Amino acid sequence: MTTHTEHHYFAGLDLTGKRVVVVGAGTVAQRRVPRLINAGALVEVIAPEATPAVEAMADAGELRWHRRPYAEGDLDGAWYALACATGGEVIAAVADEALRRRVFCVRADDASRGTAVTPAVAEHGGLLLGVLAGGDHRRSAAVRDALAEALRTGVVDESAEAPAPGVALVGGGPGDPDLITVRGRQLLGRADVVITDRLAPRELLEELGPHVEVVDASKIPYGRAANQDVINSLLIEHARAGKFVVRLKGGDPYVFGRGFEELLACVEAGVAVTAVPGITSAFSAPSAADVPVTHRGVAHEVVVVSGHVGPHDEQSLVDWPALAKLRGTLVLMMAVKRIGEFAAVLIEHGRDPKSPVAVVQEATTRGQRALRSTLDGVADAIRDEGVNPPAVIVIGPVADLAPEPRR
Ligand code: SAH
């Protein structure tokens with residue numbers, strides 16, 4: 001392998017509105033084209049055939065696909081070219097025309113013979129990071145991954161760019177620290193203050209630097225209602241003191257997480273606030289236990305229900321008799337304590353007592369366990385097995401689909 005890194009000059013091209021010609025529409029083109037589109041380039045793909053993904057981008061109007069073989073003259077007016085046709089001869093012809101027209105050209109067959117090479121790229125909080133390894137893609141990708149990870153986890157200090165004060169409501173996912181979003185993790189890595197709660201993945205806190213102030217909202221010594229006011233004021237006070245505050249929540253901030261109350265409080269106080277979606281346990285706890293909340297021909301609806309108040313409580317906003325009429329999937333959250341009451345009201349209004357039920361406790365953590373039962377048996381099963389919150393309860397035919405373990 002030839003490495004020509006010393007022959008390369010690094011530049012950021014502004015391709016907005018500029019013609020970029022891509023010859024070939026196979027998997028290489030498919031991987032490269034989205035970044036060109038995002039950069040605002042006018043991408044023209046020339047190829048007799050295309051992968052479904054490239055075709056979809058053409059259908060969506062993100063690029064123009066000329067459904068024919070490459071012909072001399074195609075690079076007329078181009079600023080940049082990618083030669084990723086399957087035949088070496090076509091690539092050579094494209095590269096040759098590019099040279100004559102002084103268009104920088106990337107060669108997919110042998111990067112070192114092109115006049116440009118594509119770096120392995122990562123984005124991190126407004127930084128664009130590119131790595132070139134003289135055409136050795138594996139090496140550039142590996143280094144790019146390591147650098148991106150270092151930036152994410154704060155090993156590389158980018159204190160030059162302090163985040164603006166304000167609040168980010170970050171969904172931490174169901175429990176496994178790997179299941180937070182990339183954006184959530186980036187913001188966490190830049191926090192001055194983290195206000196966490198009981199269900200947010202704890203391991204994520206271990207990555208924080210020593211200067212980060214961590215407040216555990218579940219330990220604030222007030223009643224439940226007062227608690228939320230205290231959290232809201234903490235968010236606002238820290239942000240007003242010039243801090244970047246991450247409010248780390250379990251699952252998605254807006255799924256039974258009171259996240260929207262926090263957003264409203266910040267907006268009302270004039271504090272900059274943003275929300276980062278998270279993977280909700282409503283869907284990921286079942287999927288972690290091989291329960292699909294929908295399945296073709298089995299369930300065409302899924303309803304997520306809070307069980308934090310009983311079915312006959314005057315505060316309840318849930319129409320349990322109506323839910324009992326549904327055939328699809330019910331996902332009950334915060335319902336372990338009162339499952340007997342919920343099962344009874346569902347059966348009373350017509351749901352089959354033998355409806356399959358799956359209960360998944362502490363999904364995606366080391367403590368994950370799941371049990372299967374039926375609607376009329378689940379309350380006893382939960383008691384007998386000692387299932388404790390946090391757990392989701394899935395009711396419906398999907399709870400019975402998991403394949404038998406292979407012998
Ligand atoms: N915002 C969170 C839900 C908060 S309500 C989310 O989107 O996931 C708390 C309820 O979520 C718990 O009572 C339980 O029903 C469910 N839950 C949260 N984490 C869980 C986990 N790891 N496993 C099973 N259920 C979980």
Side-chain angles (χ1 to χ4, degrees), residues 168-181 183-184 188 195-205 216-218 224-225 227-228 231 246-263 275-293 302-311 313 315-318 323 329-343 357-373 378-379 381-382 385-396 398-399 402:
L169 307 172
V170 173
D176 183 333
D178 279 358
L179 291 176
I180 188 173
T181 63
R183 187 186 301 172
L188 194 61
I195 302 183
T196 180
D197 67 23
R198 206 167 30 86
L199 289 174
R202 247 174 304 141
E203 287 91 337
L204 289 170
L205 304 176
D216 185 343
S218 66
R224 260 184 90 88
N227 214 333
Q228 191 62 49
I231 294 169
V246 166
R247 170 71 170 126
L248 184 64
K249 307 180 75 79
D252 182 275
Y254 293 168
V255 178
F256 302 132
R258 308 192 67 169
F260 206 68
E261 296 173 42
E262 294 169 6
L263 179 108
V276 180
I279 297 179
T280 179
S281 64
F283 296 154
S284 60
S287 77
D290 297 327
V291 177
V293 291
V302 48
V303 183
V304 180
V305 186
S306 168
H308 79 288
V309 293
D313 192 301
Q315 277 184 38
S316 175
L317 299 176
V318 179
L323 292 182
T329 309
L330 298 179
V331 176
L332 309 191
M333 326 257 297
M334 298 181 277
V336 169
K337 207 169 83 188
R338 297 194 177 84
I339 183 59
E341 295 174 54
F342 300 130
V357 177
V359 182
V360 191
Q361 177 180 341
E362 287 175 56
T364 78
T365 74
R366 241 172 281 125
Q368 173 172 329
R369 61 186 185 128
L371 75 80
R372 313 265 167 169
S373 184
V378 62
I382 280 182
E385 298 288 324
V387 173
N388 286 310
V392 303
I393 301 168
V394 186
I395 302 169
V398 293

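One-based numbering along the sequence shown. As the structure lists them, so they are numbered: ligands from 1, and atoms in each ligand from 1. None of these values were measured; they are calculated from a predicted model.
In this view, Arg369 and Gln361 satisfy the side-chain hydrogen bond (donor to acceptor under 3.5 Å, both in side chains) rule, not counting sequence neighbours.
The shortest separation from a heavy atom of Pro174 to ligand 1 is under 4.0 Å, placing the residue in contact. Note on ligand 1: Ala363 sits in its first shell, one or more heavy atoms being nearer than 4.0 Å. Residue Thr364 places every heavy atom at 4.0 Å or more from ligand 1.
The one candidate from Ile180, Asp176, Leu179 that meets the side-chain contact (heavy atoms from CB on, under 4.5 Å) condition with Ile279 is Leu179. The side-chain contact (heavy atoms from CB on, under 4.5 Å) with Val392 is formed by just one residue from the set Pro174, Ser284, Pro286; it is Pro286.
The protein non-hydrogen atom at the shortest distance from atom 2 (C) of ligand 1 is Gly250 O, 3.3 Å. Protein heavy atom nearest atom 20 (C) of ligand 1, with residue, atom name and distance: Ser281 CB, 3.7 Å. With respect to atom 15 (O) of ligand 1, the closest heavy atom belonging to the protein is Ala391 O, 2.7 Å. Looking from atom 4 (C) of ligand 1 to the surrounding protein, the closest heavy atom is Phe256 O, 3.4 Å. Protein heavy atom closest to atom 7 (O) of ligand 1, with residue, atom name and distance, is Thr280 OG1, 2.7 Å. At the top of the distance list for atom 10 (C) of ligand 1, counting protein heavy atoms only, stands Met334 CG, 3.7 Å.
Looking only at distances, a side-chain donor or acceptor of Gln368 sits under 3.5 Å from a matching main-chain atom of Ala288. Distance alone, capped at 3.5 Å, is enough to place a donor-acceptor pair between the Asp252 side chain and the Gly278 backbone. Remark: side-chain polar atoms of Ser316 are not paired, donor with acceptor, to backbone N or O of Asp313 under 3.5 angstrom.
Within ligand 1, the atoms closer than 4.0 Å to a non-hydrogen atom of Glu362 are 22 (N), 23 (N), 24 (C), numbered from 1 in the order shown. Those atoms of ligand 1 that come under 4.0 Å of a heavy atom in Val360, given as number and element, are 24 (C). The distance from ligand 1 to the heavy atoms of Leu199 drops below 4.0 Å at these ligand atoms: 9 (C), 18 (C).
With a 4.0 Å cut-off on non-hydrogen atoms, Gln368 does not touch ligand 1 at all.
Using a cut-off of 4.0 Å between Lys/Arg side-chain N and Asp/Glu carboxylate O, Arg247 and Asp197 are scored as salt-bridged.
Polar contact check, Val255 against ligand 1: a nitrogen or oxygen pair lies under 3.5 Å apart. Checked by distance only, ligand 1 and Asp252 come closer than 3.5 Å through their nitrogen or oxygen atoms.
A 6.0 Å sphere centred on CZ of Arg183 holds no more than 12 heavy atoms belonging to other residues, nucleotides or ligands. Atom CZ of Arg202 has 12 or fewer neighbouring heavy atoms from other residues, nucleotides or ligands inside a 6.0 Å radius.
The two residues Ile231 and Ala217 come nearest to each other via the heavy atoms CD1-CB, 3.6 Å.
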